[in-house]
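A short worksheet on the structure shown next.
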Amino acid sequence: MAYRLNSKKIEQDTLHWLDERGIKLEEIAELVMYLQKDYVPNLTMEECMISVERVLKKREVQNAVLTGIQLDILAEKNQLIPSLQEMIVHDEGLYGVDEILALSIVNVYGSIGLTNFGYIDKVKPGVLKKLNDKNDKDTHTFLDDIIGAIAAAASSRIAHDATD
Ligand code: MG
């Protein structure tokens, strides 16, 4: 029988695993507000939330979220190829594949997203600061970039709408 992809299941899994990894969509919406409040007057949290939800409906985004979370989990379980294991668990600066994967999210909404992604990765506001805490036992090497990228993409959507 031909293989049939269950799109609904992929979407549900994406939301489930973000929650499982301690991420609330409201926290991503707060990052969007942080990025856009100076540019879009009267922007509401509800609009930020809607934009985050829209971004999460894209398959490219779901694919990146699930792949990144899977690698973080395997690293926590010490199940990766040894050299990869070491780089991911220590969030090694020259590894860089975490950022590259996150760019597949940012790219969905064009070049404004890239600027936002670079900025938020540098400042690390809100939930990104929590994810970057190297003292906790969890591995978020991929998840921090993914969350920043979702926020950047959701911000780009709002910026595009505001200029229309
Ligand atoms: Mg990272």
Side-chain angles (χ1 to χ4, degrees), residues 10-38 48-49 51-159:
I10 296 170
E11 188 184 340
Q12 286 166 353
D13 267 357
T14 300
L15 297 175
H16 168 78
W17 282 101
L18 283 171
D19 182 62
E20 187 74 27
R21 300 298 285 174
I23 301 296
K24 301 274 163 275
L25 298 193
E26 289 79 7
E27 293 173 309
I28 310 178
E30 280 163 14
L31 298 176
V32 177
M33 179 60 88
Y34 177 88
L35 284 169
Q36 287 300 305
K37 62 181 186 315
D38 294 338
C48 294
M49 193 66 186
S51 195
V52 168
E53 286 165 355
R54 287 284 167 75
V55 168
L56 286 168
K57 284 197 177 297
K58 296 257 180 202
R59 266 299 300 285
E60 299 95 316
V61 175
Q62 296 163 359
N63 292 342
V65 170
L66 291 172
T67 304
I69 287 177
Q70 177 69 89
L71 286 164
D72 280 347
I73 291 172
L74 289 174
E76 282 172 6
K77 292 182 171 167
N78 204 10
Q79 285 177 353
L80 295 170
I81 293 169
S83 49
L84 200 54
Q85 175 68 35
E86 202 169 320
M87 287 191 286
I88 293 179
V89 121
H90 293 114
D91 200 1
E92 159 68 41
L94 290 177
Y95 176 61
V97 180
D98 43 348
E99 280 101 9
I100 301 295
L101 181 66
L103 286 179
S104 69
I105 295 176
V106 176
N107 283 340
V108 174
Y109 291 98
S111 60
I112 309 176
L114 195 59
T115 313
N116 282 331
F117 179 60
Y119 177 70
I120 209 166
D121 182 50
K122 214 162 114 183
V123 183
K124 299 195 195 308
V127 65
L128 293 182
K129 189 173 183 334
K130 188 176 82 181
L131 289 175
N132 266 281
D133 181 5
K134 301 270 193 291
N135 294 319
D136 80 21
K137 57 178 180 18
D138 303 327
T139 299
H140 294 132
T141 297
F142 280 87
L143 190 60
D144 64 340
D145 296 289
I146 281 166
I147 298 305
I150 295 169
S155 298
S156 309
R157 276 193 76 257
I158 289 171

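Indexing begins at 1, ligand by ligand and atom by atom, following the structure's order.
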query: Counting N and O atoms only, with roles assigned by atom type, does the side chain of Asp144 sit under 3.5 Å from a partner on the main chain of Leu131, one being a donor and the other an acceptor?
result: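 Checked: no pair found.
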
Nearest to the Mg ion (ligand 1) - the N/O/S atom of [X], by atom name:
X      : answer
Asp144 : OD1
Asp145 : OD2
Asp98  : OD2

Distance (rounded to the nearest 0.5 Å) between Thr139 OG1 and Asp91 CG: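 If we round to the nearest 0.5 Å, Thr139:OG1 and Asp91:CG are 9.0 Å apart.
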
message: On a heavy-atom basis, which atom in Ala149 and which in Val106 lie closest, and how many Å separate them?
response: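 So the minimum-distance heavy-atom pair works out to CB-CG2, 3.6 Å.
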
- prompt: Under 30°, 30 to 60°, or over 60°: which ring-plane class applies to Tyr34 and Tyr119, parallel, tilted or perpendicular?
  reply: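 Geometry flag for Tyr119 against Tyr34: parallel rings.
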
Glu99 backbone or side-chain N/O/S under 2.8 Å from the Mg ion (ligand 1):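 Glu99 does not place any N, O or S atom closer than 2.8 Å to the Mg ion (ligand 1).
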
N, O or S of Asp91 under 2.8 Å from the Mg ion (ligand 1):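 Within the cut-off used here (under 2.8 Å), Asp91 places no N, O or S atom near the Mg ion (ligand 1).
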
message: More than 12 heavy atoms of other residues, nucleotides or ligands under 6.0 Å from NZ of Lys129: yes or no?
response: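 Not more than 12 within 6.0 Å, no.
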
